[in-house]
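Have a look at the structure below, then the notes.
What you see is a predicted model; the values in this text were computed from it and never measured. First the proteins, then the strands, lettered A, B, ... as listed; each starts at 1.
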Protein chains: 2
Amino acid sequence: MDSGQIEAVKRQILSLEKAQRMAEFFGVLGDTNRWRILSALAVQEMRVGELAEIVGMSESAVSHQLRTLRVMRLVSHERQGRNVVYRLQDDHIVNLYKEVSEHLDEPH
Amino acid sequence: MDSGQIEAVKRQILSLEKAQRMAEFFGVLGDTNRWRILSALAVQEMRVGELAEIVGMSESAVSHQLRTLRVMRLVSHERQGRNVVYRLQDDHIVNLYKEVSEHLDEPH
DNA sequence: ACAACACCTGAACAGGTGTTCATATATCGA
DNA sequence: TCGATATATGAACACCTGTTCAGGTGTTGT
């Protein structure tokens with residue numbers, strides 16, 4: 001590669017901003033407990049306390065994580081009386097899970 | 001949800017091991033510079049030094065990151081004389097990029 | 001109105017992550 | 001073989017992240 005080609009690639013790669021947005025999103029999925037929470041919500045929508053018991057975390061920790069998931073619009077929430085019900089916002093995560101699951105299952 | 005349903009969901013969620021593997025993989029994609037490196041390699045295969053100049057990082061930092069990407073089998077490498085050429089291992093990452101890009105571009 | 005309940009939030013602290021710097025390894029040219 | 005080049009690696013350090021703990025907000029039943 002000569003210096004002209006180098007410059008050409010520089011113009012084609014992800015911008016810093018776009019790369020940051022990607023990293024931020026994938027970073028959210030880079031946590032074991034958040035995957036457990038998401039997989040629980042993939043079974044069915046549920047309240048915070050129920051999530052906490054299912055994944056074996058404190059309610060506070062779950063709440064903190066749900067906040068993160070909310071910001072990335074992976075889950076939506078709805079207050080019902082004194083409870084707050086969380087659900088997966090759409091099936092993007094399920095698709096991502098399937099796609100990556102294949103990758104990880106490939107023989108090395 | 002009664003306690004029976006709670007137990008049922010507990011059995012259906014991702015195991016700790018599977019969740020950890022998912023988190024580990026996505027965590028690798030949770031870094032701005034790794035996305036810049038991957039997007040450069042998506043344009044064309046290239047040497048470490050070229051990557052370093054294109055993404056504006058030190059060669060050492062790039063090398064460290066490539067190691068991480070290699071472990072997750074996102075890139076493969078081949079020594080050519082004193083150079084080492086890196087390339088994307090397959091198109092999984094490109095697919096992931098497209099899928100997530102849509103998600104991020106959706107109106108809030 | 002008030003106590004109990006369900007959830008959220010901020011600060012603090014421990015553990016993890018990415019970069020730099022110095023050095024090591026590997027290959028080529030003379 | 002020796003110096004130059006290209007990449008890899010280990011330790012150290014600064015920064016980021018997730019949990020806990022203490023306390024706060026919002027809602028219901030009496």
Side-chain angles (χ1 to χ4, degrees), chain A residues 1-3 6 14 16 19-38 40-41 45-72 74-87, chain B residues 1-3 6 14 16 19-38 40-41 45-72 74-87:
Chain A
M1 277 177 85
D2 59 35
S3 64
I6 295 275
L14 283 186
L16 208 59
Q20 278 167 348
R21 295 216 304 154
M22 281 289 151
E24 196 180 3
F25 179 83
F26 279 91
V28 168
L29 296 179
D31 179 83
T32 303
N33 286 331
R34 282 196 286 269
W35 271 107
R36 306 248 297 164
I37 289 171
L38 289 170
L41 294 177
E45 64 177 38
M46 65 185 81
R47 318 188 283 105
V48 178
E50 292 169 338
L51 268 173
E53 178 171 354
I54 288 170
V55 303
M57 300 169 63
S58 73
E59 291 196 6
S60 175
V62 169
S63 187
H64 276 296
Q65 298 296 31
L66 286 170
R67 178 173 168 67
T68 302
L69 295 172
R70 248 163 37 212
V71 169
M72 278 301 146
L74 289 170
V75 302
S76 62
H77 65 302
E78 182 192 349
R79 183 170 272 280
Q80 290 181 1
R82 35 188 160 185
N83 303 324
V84 178
V85 174
Y86 280 82
R87 62 180 67 93
Chain B
M1 278 176 90
D2 59 35
S3 65
I6 296 273
L14 284 186
L16 207 59
Q20 277 167 348
R21 295 216 306 154
M22 281 290 150
E24 195 181 4
F25 178 83
F26 279 91
V28 168
L29 297 179
D31 179 84
T32 303
N33 286 332
R34 281 196 286 268
W35 272 107
R36 307 248 296 164
I37 290 171
L38 289 170
L41 294 177
E45 64 177 38
M46 66 185 82
R47 319 188 281 104
V48 177
E50 292 169 339
L51 268 173
E53 178 172 354
I54 287 170
V55 303
M57 298 169 65
S58 73
E59 292 197 4
S60 176
V62 169
S63 186
H64 276 295
Q65 297 296 29
L66 287 171
R67 178 173 168 68
T68 302
L69 294 171
R70 246 161 41 210
V71 169
M72 278 299 145
L74 289 169
V75 303
S76 62
H77 65 303
E78 182 191 351
R79 183 169 273 280
Q80 289 182 0
R82 33 187 159 189
N83 302 325
V84 178
V85 175
Y86 279 83
R87 63 180 66 94

Using whole Å, what does the distance between atom C1' of nucleotide D:dA8 and atom CD of B:Glu78 come to? 18 Å
DNA chain D-proximal residues of residues 58-70 of chain B, any heavy atom under 4.0 Å: B:Glu59, B:Ser60, B:Ser63, B:His64, B:Arg67, B:Arg70
Qualifying side-chain hydrogen bond (donor to acceptor under 3.5 Å, both in side chains) pairs, either residue in residues 59-70 of chain B, two or more places apart: B:Arg34-B:Gln65, B:Arg70-B:Tyr86
From CZ of A:Arg47 across to P of C:dC5 the rounded distance in Å is 13 Å
Could you report the tightest heavy-atom contact between B:Ser58 and B:Ala61, atom names first, then the distance? OG-N, 3.0 Å
Minimum side-chain heavy-atom gap A:Val62-A:Arg36 below 4.5 Å: no
Any side-chain heavy atom of B:Phe25 sitting closer than 4.5 Å to one from B:Leu74? yes
OP1 or OP2 of C:dA6 versus the side-chain N and O atoms of A:Tyr86: is any pair under 4.0 Å? no
Length of the line joining B:Trp35:CH2 and C:dG18:C1', which is rounded to integer Å: 18 Å
Let me know the distance between CD1 of A:Ile37 and P of D:dG18, rounded to the nearest Å. 11 Å
Bend across the helix from C:dA1-D:dT30 to C:dA30-D:dT1, to 10°, with axes taken over 5 pairs at each end? 20°
Close approaches to DNA chain D from residues 20-33 of chain A, in residue order (heavy atom, under 4.0 Å): A:Asp31, A:Asn33
Starting from C1' on D:dT9, measure out to NE2 on B:His77 and report it in whole angstrom. 14 Å
Nearest heavy-atom approach of B:Gly81 to B:Arg79 is O-NH1, 3.1 Å
Closest approach of A:Thr32 and B:Ala23, non-hydrogen atoms and distance? N-CB, 3.3 Å
Using the test salt bridge (Lys or Arg N to Asp or Glu O under 4.0 Å), find all partners of B:Arg87 that sit at least two apart in sequence or belong to another chain. B:Glu45, B:Glu78
A:Leu41, A:Val85, A:Ile37 screened by side chain to side chain contact (heavy atoms under 4.5 Å, CB included) with A:Met46, the one that passes: A:Leu41
So do B:Asp31 and B:Trp35 actually touch side chain to side chain, heavy atoms under 4.5 Å? no
Distance, rounded to the nearest Å, where B:Glu53 contributes CD and D:dA6 contributes P: 12 Å
Taking side chain as C-beta onward, heavy atoms only, is B:Glu50 less than 4.5 Å from B:Arg47? yes
Under a 4.0 Å N-O cut-off, is there an ion pair linking B:Arg21 with B:Glu24? no
Show each protein N/O and nucleotides 27-29 of chain D N/O combination with a separation under 3.5 Å, one pair to a line.
none

